[in-house]
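Report on one structure; see the data block that follows.
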There are 2 protein chains.
Amino acid sequence: MTRNPTLADVARHAGVSPATASRVVSGRGPASTQARRRVAAAVADLGYVPDAAARALATHGGTRIAVAVIGDTPTALTDPYVGRVVAATAEVAAAREVGVALHWLPRHDPAALARLAHGRGIGGVVLVNPTKPALEPLPRSARVAAIGVGSRHVPAFDVDNRGGALGVLRHLVGSGRRHIAMVTGPSWLPCTERAVDAYRRVARENGGEVRLVPGDFTTARGTTAALEIMARWPDTDAVFALGDLVALGVLDGLRGLGVDVPGDVAVAGFDDIAFAPLSHPALTTTTNPVEQIAAHAAAAVLDRRPTSPLTLFRSTLVVRESA
Amino acid sequence: MTRNPTLADVARHAGVSPATASRVVSGRGPASTQARRRVAAAVADLGYVPDAAARALATHGGTRIAVAVIGDTPTALTDPYVGRVVAATAEVAAAREVGVALHWLPRHDPAALARLAHGRGIGGVVLVNPTKPALEPLPRSARVAAIGVGSRHVPAFDVDNRGGALGVLRHLVGSGRRHIAMVTGPSWLPCTERAVDAYRRVARENGGEVRLVPGDFTTARGTTAALEIMARWPDTDAVFALGDLVALGVLDGLRGLGVDVPGDVAVAGFDDIAFAPLSHPALTTTTNPVEQIAAHAAAAVLDRRPTSPLTLFRSTLVVRESA
DNA sequence: TTGTAGGCGTTATCAA
DNA sequence: TTGATAACGCCTACAA
């Protein structure tokens, strides 16, 4: 096991100066086709891999990418959703010799994001649960991509909430449901608004009343929300919950009430988590390609190439027993 | 926002040489109490934070810690358990200005671990699903900690499988179950053997037949395992599954068979995942402090301090409805 | 116990 | 388009 080849080795092997080799390898700066070819060959011959630490030191580019989660408490980091994002990010980062860091950003300290993004060693940030106050003050120079909504300087990647919600709601209407209630996400999370918009639209189209109840993506809230809904609008015949965990809680709450699902009330979720097919009745929901979304966001930050301000990923309806 | 202070700034501020400052900050090498105090004060004054990239470059210490998962296919990385490990590791790594990388290690290529561990930029490895063939050939110099079983040069951190299993089994026996079957982990995973040992011991103590069926931690396998068990040993009155996902699958399989849980057959899992309380009946299981375990393993690797060869974390029984 | 003087591997500057 | 040369921030013999 001999020493890893350095850029100097490559340059020598290719018969060029280290500077030229650097330009070719890093892809910045001019270089003749000649030089390009010879360096590429040398790289292949020697199995050269750039040293991330040295590169970070020279460029101030940072040695890791942060996954930052905005929330009210540090427990925001324990959400299984976050685990999926971190794992997916770590995988694309590994291919680029970059590590991943995980940080909680208190919702009430919007400046924390800028501090993190400019922190030493941080090459970029993948933001989970983006909020307007956190996004607003970011300068153009900040290398951050958001999962959810973005801003002028922050590209966003997200599931097609609107389309997914429309799919669910059309399915509910199509199977005869007329009094549909919805458990939304927390009001401070703008990326859930698209789904609520879809709900309002469908309600308008079908002359149904708007029955909105705020949620927070937790099962516990789903259970209480179910009670609230049935108390306030007893003739409700369907509940659409933003997040499968919430939907499972709704299922639980309705069961406690002696309400039959889907006989009396249909229930649908959003995310298609692993447990969705295992509930009773099995949960009707729509897919959420979290890993794919996170991978694209991470790639956008790491490659620093221009991306469209909003990239949407398809959400497809999965019909099971609950609706 | 001015330039971050460097070690040179600290040295100047403290009135010592950069070398002395380095010794104090990094904790290696001699230094008078005098010097120690003054440097510490300077660090606090200036808010100095070492540059991870520069340090890695100088020490070859690496800039990130890898979470490596041994498995048959790359899908091993999508297990929710891995997400928990990665998230926990990333959190402790972040405190040390280190990033996390995620890698799949093919089970049939034991040498892959050594390659990864010695790869440039990798400061250490937290190994998930350790196997003997992968652990064996590692030299003392490899900085790796395992979650599960270890080896001569690899400290291990794990949940107390034996104790946890004993807790479950004693509970089953205590509630009158006499014909207990067990769904194990994959046979190539040595860390599940401790739980199987506990099972054999309890079976012996109670004169029960040994009813073992191999599992793989997936829900799908749990379902088929339930069918296998009931076909082979129809008088089985309890199933203990290694892994809650498997247990949930067992629940599903038994339901399909028209078997009442817990009336006819009790079911217990292992892990206490988020869904455990949501199944019907709610799953009896034992806790698995994965985050805590991963954090300790990561700290052991990062701090390079001697640790005991095996650190066990308590698993406590959570009795719900299924057993 | 302290300080001086490289060196780690890469990129950036600037003159050729 | 190329090649010396000087950073980047820290660590570590070695000499004092």
Side-chain angles (χ1 to χ4, degrees), chain A residues 2-40 42-43 46-64 96-98 118-123 304, chain B residues 2-40 42-43 46-64 96-98 118-123 304:
Chain A
T2 160
R3 181 176 63 83
N4 283 313
T6 77
L7 193 53
D9 298 326
V10 171
R12 209 171 306 122
H13 195 88
V16 301
S17 73
T20 301
S22 172
R23 290 186 201 106
V24 173
V25 168
S26 67
R28 349 177 177 262
S32 61
T33 338
Q34 263 281 0
R36 242 177 257 288
R37 247 190 318 110
R38 301 173 65 174
V39 171
V43 165
L46 273 44
Y48 166 76
V49 177
D51 181 316
R55 178 173 279 181
L57 179 57
T59 62
H60 300 276
T63 174
R64 54 200 203 281
R96 292 166 177 74
E97 300 252 310
V98 172
H118 288 109
R120 257 206 316 211
I122 298 292
R304 313 194 162 212
Chain B
T2 158
R3 182 175 63 84
N4 282 313
T6 77
L7 193 53
D9 297 327
V10 171
R12 208 171 306 124
H13 194 89
V16 300
S17 74
T20 300
S22 172
R23 291 187 198 105
V24 173
V25 168
S26 68
R28 346 178 180 263
S32 64
T33 338
Q34 262 280 0
R36 243 177 256 289
R37 248 191 318 110
R38 301 173 65 175
V39 170
V43 165
L46 272 45
Y48 168 76
V49 177
D51 182 319
R55 177 172 283 179
L57 179 57
T59 61
H60 299 277
T63 175
R64 55 201 202 281
R96 292 165 177 75
E97 299 252 309
V98 172
H118 287 109
R120 254 202 325 209
I122 298 292
R304 313 195 162 213

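Naming: A, B, ... by sequence-line order, numbering from 1 per chain.
- The closest side-chain heavy-atom distance from B:V25 to B:Y48 is below 4.5 Å.
- The salt bridge (charged side-chain N to carboxylate O under 4.0 Å, His left out) contacts involving residues 21-30 of chain B comprise nothing, where partners must be two or more places apart or lie in separate chains.
- At least one donor-acceptor pair closer than 3.5 Å links the side chain of B:R36 to the backbone N or O of B:A31.
- Residues passing the side-chain contact (heavy atoms from CB on, under 4.5 Å) test with B:P18 are B:A11, sequence neighbours excluded.
- By the side chain to side chain donor-acceptor pair (under 3.5 Å) test, A:S17 is found to be paired with A:T20, residues two or more places apart in sequence or in another chain being considered.
- Just one of B:V49, B:V43, B:L46 meets the side chain to side chain contact (heavy atoms under 4.5 Å, CB included) condition when paired with B:P5; it is B:L46.
- Remark: A:R12 engages A:D9 in a salt bridge (Lys or Arg N to Asp or Glu O under 4.0 Å) (not counting sequence neighbours).
- Applying the side-chain contact (heavy atoms from CB on, under 4.5 Å) rule to A:A52 yields the partners A:E97; only residues at least two apart in sequence or on another chain are considered.
- Contact annotation for A:A31: backbone-only contact, meaning every heavy-atom pair under 4.0 Å involves sugar-phosphate atoms and none involves a base.
- Evaluation of the salt bridge (Lys or Arg N to Asp or Glu O under 4.0 Å) rule for B:R96 yields B:D303 as partners, not counting sequence neighbours.
- Applying a 4.0 Å cut-off to non-hydrogen atoms, the residues of residues 32-39 of chain A that approach DNA chain D are A:S32, A:A35, listed by residue number.
- The C1' atoms of five pairs define one axis at each end of the helix from C:dT1-D:dA16 to C:dA16-D:dT1, and these two axes lie 30° apart (to 10°).
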Query raised in the report: Which letters describe nucleotides 8-16 of chain D, given B = protein heavy atom under 4.0 Å from base, S = only from sugar-phosphate, - = neither?
Result: BBBBBB---
Quiz: residues 55-62 of chain A side-chain donor-acceptor pairs under 3.5 angstrom, not counting sequence neighbours:
residue : atom : partner : partner atom : Å
A:T59   : OG1  : A:R55   : O            : 2.8
A:T59   : OG1  : A:G61   : N            : 3.0

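- Considering only heavy atoms from C-beta on, A:V39 comes within 4.5 Å of A:V10 through its side chain.
- Along DNA chain C, read 5' to 3', the first and last nucleotides having any atom under 4.0 Å from a heavy atom of chain B are C:dT1 to C:dG9.
- B:R37 is linked by a side-chain contact (heavy atoms from CB on, under 4.5 Å) to B:Q34, counting only residues two or more places apart in sequence or in another chain.
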